[in-house]
Structure formats: structure tokens, C-alpha cells
Amino acid sequence: MDQPLPGTAHEALEIFVGRWLGTTELAASPWGPPRTATAEVTFTRAAGGFAVVQSYRHTEADGTHFEGHGVFTVDPDHDETLWYYVDSMGRPPSAPARGVWHDSTLTVERHSDRGTARHTFRVDQGMLTHTAELRLGETQDFQPFMTSICHRA
């Protein structure tokens, strides 16, 4: 039996692979005031090249930390990137976030009964930028939540 080979959508995820260090700027939100944290992100290949595993951790000035782990893969039937994600807030994902690439930026949206989180990931000139915006409850507009800017370690 012939095994499938990763395609070009999987290859696009390769740009993230490696270890990244930087800062995360958190906006004021229901979870706290605005603040800055040190951040570390690693992306590793998995599942024979069909997935990339993400580990994220940030530490705030008072020593508190947050961590999240994700798996990116591709839905070849719908030409979308899928992101399965769980973090130290403790809420399990109900379904993977779905996203698409525009130029060299991956945008994914996670939907829940609480609202929508829109994440963008971009690597440009050795810098990884990850932004998250939230649309909670009945609001129509996304509000900034966090921006991480990291460089390859």
C-alpha cells in the first residue's frame, strides 16, 4: 500500500519549525490588566511531516505563567489548516480551529459558546509574530488580546 506524502500545505508549516524567544504583550481583558511577559515557543515536526506540534509558555513579572500546546495539520479535502489547541486555562477544544494562508500569514479562528478567537501567525525576516483577537458574547468587533513577537533562538 502506498503511503500518502505531505503536500505543499504541510510544507508551509515548516516555516514555524524551531525554537523562538521573545515577549508577549497582553491587552486588558476579563483575565487581567495589560502586561508584558517573556515568551518561548517551539514548533516541531510530527506524524511523519503531516503535523507540526506547538508548545508555548509565557512567564509574567510576578512569576505566574501560562502554557499552551497545539497541533497544526492540514485538511486536504477543504484546503484548510487545522489547529488543535489546549492550554492551562483548562477548557478543552470543542473542535479544531480552521484557517487559511494569505501570502505568508496563517489566520485561524476558534469558535466556542463564549465567542471567537482569531489568531494570526507570521514569520518574516527571522521574526515570528502571533496575534490573538477576541470577539466575546454578542459583540461584533474583534478586540486585541495578545501579541507575541519572538526571534529564532
Side-chain angles (χ1 to χ4, degrees), residues 9-47 51-75 78-153:
H10 294 95
E11 292 168 8
L13 293 169
E14 284 287 316
I15 195 166
F16 299 132
V17 172
R19 182 170 176 245
W20 303 82
L21 300 173
T23 60
T24 296
E25 297 289 335
L26 296 145
S29 73
W31 302 280
R35 59 208 184 276
T36 301
T38 59
E40 178 178 357
V41 188
T42 58
F43 293 93
T44 54
R45 287 175 208 86
V52 170
V53 175
Q54 168 201 26
S55 292
Y56 169 84
R57 180 180 175 97
H58 78 233
T59 304
E60 298 182 32
D62 66 1
T64 59
H65 70 276
F66 172 89
E67 63 181 85
H69 304 278
V71 176
F72 291 91
T73 190
V74 175
D75 179 348
H78 296 98
D79 197 30
E80 292 177 307
T81 298
L82 302 178
W83 185 36
Y84 297 86
Y85 182 80
V86 63
D87 60 36
S88 58
M89 295 294 287
R91 294 188 178 266
S94 58
R98 292 186 169 268
V100 294
W101 290 89
H102 295 285
D103 298 320
S104 60
T105 301
L106 173 63
T107 302
V108 296
E109 288 192 1
R110 295 187 319 156
H111 302 275
S112 76
D113 58 349
R114 296 178 321 277
T116 301
R118 179 171 58 200
H119 294 260
T120 59
F121 298 86
R122 180 179 174 84
V123 174
D124 186 31
Q125 298 181 2
M127 183 172 59
L128 168 68
T129 302
H130 171 195
T131 62
E133 301 170 291
L134 302 176
R135 187 174 61 209
L136 300 175
E138 301 297 318
T139 62
Q140 296 297 311
D141 297 324
F142 281 97
Q143 299 298 315
F145 176 66
M146 61 147 270
T147 300
S148 294
I149 297 176
C150 300
H151 294 82
R152 281 194 195 274

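Position 1 is the first residue of the sequence, and the numbers go up from there.
- For the pair Ser88 and Phe66, the tightest heavy-atom approach, listed with the atom from each and the gap, is OG-CD1, 3.4 Å.
- Looking only at side-chain heavy atoms (C-beta outward), Phe43 and Val53 stay at 4.5 Å or farther from each other.
- Side-chain contact check for Arg110 versus His119: some heavy-atom pair is nearer than 4.5 Å.
- Side-chain contact check for Glu109 and Thr116: no donor-acceptor pair (N or O, by modelled atom type) lies under 3.5 Å.
- For residues 114-132, the salt bridge (Lys or Arg N to Asp or Glu O under 4.0 Å) pairs, not counting sequence neighbours, are Arg118-Glu133.
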### Task
Would you check, one step at a time, whether the test side chain to side chain contact (heavy atoms under 4.5 Å, CB included) holds for Leu13 with Thr81?
CA-CA 9 Å; Leu13 293 169; Thr81 298; 4.2 Å; yes
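- Thr120 and Thr131 share a donor-acceptor pair across their side chains, judged by distance under 3.5 Å alone.
- The line from CD of Gln54 to NE2 of His69 is 9.0 Å long, rounded to the nearest 0.5 Å.
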### Query
Can you list the steps and then say if Thr36 with Glu25 is a side-chain hydrogen bond (donor to acceptor under 3.5 Å, both in side chains)?
CA-CA 5 Å; Thr36 301; Glu25 297 289 335; 2.7 Å; yes
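- Between Phe121 and Phe72, the ring centre distance stays below 6.0 Å.
- Residues Met89 and Trp31 form a side-chain contact, since some pair of their non-hydrogen atoms from C-beta on lies under 4.5 Å apart.
- Annotation: side-chain contact (heavy atoms from CB on, under 4.5 Å) contacts of Ala37 (sequence neighbours excluded): His58, Glu60.
- The distance between the ring centers of Trp101 and Phe16 falls below 6.0 angstrom.
- Of all non-hydrogen atoms in Pro30 and Leu136, the two that sit nearest each other are CG-CD1, 4.2 Å.
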### Query
Step by step, would you call Glu14 with Arg45 a salt bridge (charged side-chain N to carboxylate O under 4.0 Å, His left out)?
CA-CA 8 Å; Glu14 284 287 316; Arg45 287 175 208 86; 2.9 Å; yes
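- The shortest distance between side-chain heavy atoms of Tyr56 and Glu40 does not fall below 4.5 Å.
- For the residue pair Thr59 and His65, no side-chain donor N or O sits within less than 3.5 Å of a side-chain acceptor on the partner.
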Just list the side-chain donor-acceptor pairs under 3.5 Å for residues 145-153, sequence neighbours left out, or say none.
{"unit_1": "Ser148", "atom_1": "OG", "unit_2": "Thr24", "atom_2": "OG1", "d": "2.6"}
{"unit_1": "Arg152", "atom_1": "NH1", "unit_2": "Val17", "atom_2": "O", "d": "2.7"}
{"unit_1": "Arg152", "atom_1": "NH2", "unit_2": "Ile15", "atom_2": "O", "d": "2.8"}

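- Inter-residue side-chain proximity for Pro96 and Val108 is flagged as unmet; no heavy-atom pair is nearer than 4.5 Å.
- In summary, the side chains of Thr105 and Asp103 do not present any donor paired with an acceptor at a separation below 3.5 Å, with no hydrogens or angles considered.
- Remark: Asp141 CG to Leu134 CG distance equals 13.0 Å, nearest 0.5 Å.
- The cationic group of Arg98 does not satisfy the cation-pi geometry with Trp83, failing either the under 6.0 Å distance to the six-membered ring centre or the 45° limit from the ring axis.
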